[in-house]
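Just below is one structure, and these are the notes that go with it.
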Amino acid sequence: MSRAKIVAGNWKMNKDYEEGLSLASEIIPMVESEASTGVHAILFPPFVHLHAIASLVKGKNHIYVGGQDCSMHTSGAYTGEVSASMLRSAGASHVLVGHSERRQYYGESSADGALKIAQALAAGLIPVYCVGETKDERLGGQYEEIIARQLQEGLSALSEAQMAHVVIAYEPVWAIGTGLTASPEQAQEVHAMIRGWLRNHFSAQVANHTSILYGGSVNAGNASALFAMEDIDGGLVGGASLKSRDFTDIVKANR
Ligand code: 13P
């Protein structure tokens with residue numbers, strides 16, 4: 001089984017330009033010197049910081065930069081939007097798609113996600129497609145169905161060859177920014193379900209090679225127990241990615 005181990009930091013709408021550059025300048029040498037080279041670290045800063053941070057990671061092994069979102073359109077009169085090819089040209093290698101905050105606050109659907117994933121792949125970016133259920137959906141026992149639908153609507157139009165360039169993140173909405181982490185067992189159950197979905201809809205090869213990250217209140221204290229689970233290939237970290245020590249420790253926890 002060979003799939004990439006990944007720890008990604010989603011900075012969300014935090015850090016002004018100077019602060020963002022200074023955080024990246026701290027994180028990059030720490031991750032380089034302390035973390036195993038087998039783990040990929042990806043920083044997802046706000047768009048404005050992306051090009052400068054991309055210059056800092058250029059030539060570094062296993063450290064990458066990505067956008068937090070991209071447009072579902074290729075180019076044109078879409079004020080405020082940033083295209084996947086613009087991200088690529090600014091030095092990004094990855095892009096988050098379908099984050100629950102985009103779904104919740106901006107009404108994004110999984111069908112929008114499918115269009116963004118297509119844009120990302122066409123531009124040579126690796127989309128990190130986020131799925132996850134709300135608290136009510138979990139309490140109502142519908143989470144498997146909800147996640148299967150998000151996967152179906154977001155990914156089913158892709159070919160097996162395209163799936164080689166897709167990462168999935170499971171982020172239960174009830175665990176994001178709440179301090180309530182899914183237990184390693186709860187997360188593993190969903191990750192195994194996602195891998196099963198990939199096996200049924202694509203192939204065993206796709207299932208075995210797709211990295212599936214867990215996100216939702218990951219911190220330096222709970223990361224190793226989560227990453228030790230068979231189907232959890234890493235983390236998508238929000239709050240704790242804004243501190244260089246914490247983020248580096250989480251990268252180190254993924255062995
Ligand atoms: P927190 O780690 O702050 O819970 O955020 C998770 C997340 O949304 C990462 O994309």
Side-chain angles (χ1 to χ4, degrees), residues 5-15 19-20 23-24 27 39-47 49-50 53 64-70 87 92-106 108 110 113 116-117 120 125-135 137-138 143 146-147 150 154 166-184 186-187 190-191 194 211-227 229 232-254:
K5 287 180 173 293
I6 298 171
V7 173
N10 175 9
W11 294 7
K12 310 192 178 183
M13 198 173 74
N14 292 295
K15 303 289 175 189
E19 292 165 346
L23 176 60
I27 288 176
V39 183
H40 297 201
I42 315 169
L43 307 180
F44 289 98
F47 289 139
H49 313 11
L50 204 143
I53 296 177
Y64 305 92
V65 177
Q68 294 176 15
D69 184 30
C70 70
L87 291 175
S93 49
H94 294 71
V95 63
L96 297 179
V97 172
H99 191 279
S100 67
E101 287 149 18
R102 302 292 319 170
R103 293 177 187 264
Q104 190 178 347
Y105 304 133
Y106 305 99
E108 284 193 17
S110 298
K116 292 181 178 200
I117 289 168
L125 294 174
I126 295 181
V128 178
Y129 180 54
C130 305
V131 297
E133 80 285 3
T134 63
K135 190 174 173 190
E137 289 161 351
R138 171 148 291 255
Y143 57 99
I146 295 288
I147 293 161
Q150 291 169 337
V166 173
V167 171
I168 296 173
Y170 167 54
E171 296 206 311
V173 179
W174 49 270
I176 296 179
T178 56
L180 280 179
T181 319
S183 67
Q186 280 175 319
V190 176
H191 281 233
I194 294 172
S211 297
I212 307 176
L213 315 182
Y214 168 78
S217 298
V218 175
N219 59 42
N222 60 26
S224 3
L226 287 159
F227 299 164
M229 304 309 283
I232 303 185
D233 305 307
L236 178 53
V237 186
S241 74
L242 298 171
K243 296 194 184 108
S244 53
R245 179 74 269 154
D246 290 12
F247 183 69
T248 307
D249 285 345
I250 297 170
V251 178
K252 283 163 75 177
N254 199 4

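Atom set for the values below is all heavy atoms of this structure, side chains included, hydrogens, waters and symmetry mates excluded. Every number for a ligand or one of its atoms is a count from 1 in the order of the listing.
A salt bridge does not link Arg103 to Glu108: none of the charged side-chain nitrogens sits closer than 4.0 Å to a carboxylate oxygen.
With hydrogens and angles disregarded, no donor-acceptor distance shorter than 3.5 Å links the side chain of Tyr143 to the backbone of Thr134.
Looking at Ile53 and Leu43, their side chains come closer than 4.5 Å, going by heavy atoms from C-beta outward.
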What are the polar N/O contacts of ligand 1 with the protein below 3.5 Å, with distances?
unit_1   : atom_1 : unit_2 : atom_2 : d
ligand 1 : 2 (O)  : Ser217 : N      : 3.4
ligand 1 : 2 (O)  : Gly238 : N      : 2.9
ligand 1 : 3 (O)  : Gly239 : N      : 2.8
ligand 1 : 4 (O)  : Gly177 : N      : 2.6
ligand 1 : 4 (O)  : Ser217 : N      : 2.8
ligand 1 : 5 (O)  : Lys12  : NZ     : 3.2
ligand 1 : 8 (O)  : Lys12  : NZ     : 2.8
ligand 1 : 8 (O)  : His99  : NE2    : 2.8
ligand 1 : 8 (O)  : Glu171 : OE1    : 3.4
ligand 1 : 10 (O) : Asn10  : ND2    : 3.0
ligand 1 : 10 (O) : His99  : NE2    : 2.9
ligand 1 : 10 (O) : Glu171 : OE1    : 3.2
ligand 1 : 10 (O) : Glu171 : OE2    : 2.9

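Using the six-membered ring where Trp is involved, His191 and Tyr170 have ring planes that are perpendicular, over 60° apart on the 30 and 60° scheme. Below 30°, between 30° and 60°, or above 60°: for His49 and Trp11 the angle between ring planes is above 60°, a perpendicular geometry.
By the neighbour-count criterion of 12 heavy atoms within 6.0 Å, atom NZ of Lys12 is densely surrounded, having more than that number from other residues, nucleotides or ligands.
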